[in-house]
Amino acid sequence: MGRLSDFSLDDSSPATSPHADDAEGTQETSDSEAAKEEAARTNTETAKVPAARLGTGLPDPETEPSEQLVLCERAIHDAKVKWRSAADKAMAAFLEEAGPYFVWVHENKLYKHLKGNNGKPYRSFNRYCQEQHGISRSSGYRITRIIPLLNILARADHPVSDLSSRQTQVLHPVRRQHGEDSVLKVWETAWSTKRGAVPSPDELSRAVSLCGLVVRAEDDEDEKLALTQGKANPGAEVEKAVKILVPDTVRLAVREDPEKVLLLARTLNAALEEAGITIG
């Protein structure tokens, strides 16, 4: 058996090359394999592109423009529905995992230690969420208010799929000012007299009173910030409110949205109590 050094790469004669007899067959095999590899590569690249991106189902250019538009709009709408469904699921999974950390940042005001796009420390949690994490105001509201309440109820074997904004307006300040046990006490009290599947906002408000809890209204931090930045005059704002809140207007507001009127009454009552003023 010859050694590797016995064969010269430059020697192609039959006497010295061990592969001379098979040269033609080898060349044909090599060409065939190269063709197969090229075909396989082409097929693989094509397979990576979804059928929808290859233009399957595009309008017939010979049809009326209006018909072409209808077909395109229908396809765009269907794709948008699929995208939104996937995006909603992804956002729900993200909030479930990251939510507790957002709540911690919010309730301990840690976002104020971070600078925003303007180079100044954040004064608004919602602005922090939008700039740093691309999270909308509604998602920020859900993270800091609704999810903590849902978790409290779930841990106490009172799971609910969701809470409305009005239910949250009642329970959120209870959690912040009186703790988780008080949230459960209010929920269970309202549950015992509920008329629907879950306690309504009005039933929860009555339960707060029945439990003997005094709850101060909590302003939205961004609204307070807007007032501060706008250098609003509190006296002037109250004067405007006095002009608007005439008896007929208040009665109409009570019929349309009693919860907001109740929230306003609580805010005014708490402010008067702090000032040592009683309503005669």
Side-chain angles (χ1 to χ4, degrees), residues 83-156 159-184 186-187 201 204 208 213-234 237-238 259-260 262-264 266-268 270-271 274:
W83 175 81
R84 282 180 175 170
S85 176
D88 289 344
K89 290 178 181 178
M91 177 58 78
F94 169 73
L95 295 185
E96 183 177 354
E97 181 175 346
Y101 298 96
F102 276 111
V103 172
W104 188 274
V105 169
H106 176 258
E107 298 197 350
N108 291 283
K109 310 294 183 185
L110 301 182
Y111 57 88
K112 294 186 176 182
H113 297 273
L114 192 64
K115 291 183 179 180
N117 293 344
N118 60 2
K120 298 179 181 180
Y122 285 110
R123 298 177 62 189
S124 160
F125 177 74
N126 284 324
R127 185 160 163 257
Y128 153 78
C129 285
Q130 291 170 354
E131 289 188 2
Q132 293 295 324
H133 303 289
I135 293 176
S136 67
R137 181 185 179 90
S138 60
S139 293
Y141 179 91
R142 183 170 184 79
I143 289 171
T144 58
R145 299 186 178 217
I146 299 177
I147 290 179
L149 293 171
L150 292 175
N151 290 339
I152 291 171
L153 296 175
R155 286 195 295 268
V160 291
S161 60
D162 207 351
L163 293 169
S164 70
S165 59
R166 291 184 61 205
Q167 288 172 314
T168 304
Q169 285 174 4
V170 178
L171 294 176
H172 172 69
V174 172
R175 179 182 72 84
R176 294 271 290 160
Q177 298 169 31
H178 298 281
E180 294 187 9
D181 290 344
S182 294
V183 171
L184 292 175
V186 168
W187 184 266
L204 290 171
V208 171
L213 299 175
V214 177
V215 179
R216 300 184 308 277
E218 293 198 351
D219 295 328
D220 181 270
E221 60 185 350
D222 281 344
E223 290 177 359
K224 289 196 296 184
L225 181 61
L227 287 173
T228 302
Q229 292 176 336
K231 298 181 180 180
N233 183 335
E237 296 299 324
V238 171
E259 187 57 35
K260 284 186 178 179
L262 183 59
L263 185 63
L264 174 61
R266 286 175 179 162
T267 303
L268 293 172
E274 288 177 5

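All values reported here derive from a predicted model rather than from experimental measurement.
In the model, E131 has a side-chain atom that pairs as donor or acceptor with a side-chain atom of Y122 under 3.5 Å.
The side chain to side chain contact (heavy atoms under 4.5 Å, CB included) search around T144 returns H106, F125, not counting sequence neighbours. The side-chain hydrogen bond (donor to acceptor under 3.5 Å, both in side chains) search around N108 returns none, not counting sequence neighbours. Evaluation of the side chain to side chain contact (heavy atoms under 4.5 Å, CB included) rule for A156 yields H158, L184 as partners, not counting sequence neighbours. Partners of V214 by side chain to side chain contact (heavy atoms under 4.5 Å, CB included), not counting sequence neighbours: none found. For S136, the side chain to side chain contact (heavy atoms under 4.5 Å, CB included) partners at least two apart in sequence or on another chain are S138, S139. The side-chain hydrogen bond (donor to acceptor under 3.5 Å, both in side chains) check on Y128 picks up H133, with sequence neighbours excluded.
Rounded to the nearest 0.5 angstrom, R176 CZ and L171 CG are separated by 14.5 Å. Here the straight-line distance linking atom OG1 of T168 with atom CG of D162 works out to 7.5 Å at 0.5 Å rounding. With rounding to the nearest 0.5 angstrom, the CZ atom of R175 is 11.0 Å from the CD atom of Q177. Here the straight-line distance linking atom NE2 of H172 with atom CG of L163 works out to 12.5 Å at 0.5 Å rounding.
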Show every donor-acceptor pair shorter than 3.5 Å between a side-chain atom in residues 84-102 and any protein atom, with sequence neighbours excluded, or say none if there are none.
none

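Of all non-hydrogen atoms in P148 and I143, the two that sit nearest each other are CD-O, 3.2 Å. Smallest separation of non-hydrogen atoms from Y141 and Q169: OH-CG, 4.3 Å. Taking both residues in full, the closest heavy atoms of S182 and L213 are given as CB-CD1, 4.1 Å, listed atom of the first, atom of the second, then distance. Of all heavy-atom pairs spanning S161 and L150, the tightest one is O-CD1, 4.3 Å.
Between I147 and V103, every side-chain heavy-atom pair lies at or beyond the 4.5 Å cut-off. Contact annotation: the side chain of V215 approaches that of H178 to within less than 4.5 Å [non-hydrogen atoms, C-beta and beyond]. Looking at heavy atoms from C-beta onward, E180 lies out of side-chain contact with N151 at the 4.5 angstrom threshold. Using a 4.5 Å heavy-atom cutoff, the side chains of V105 and Q132 are not in contact.
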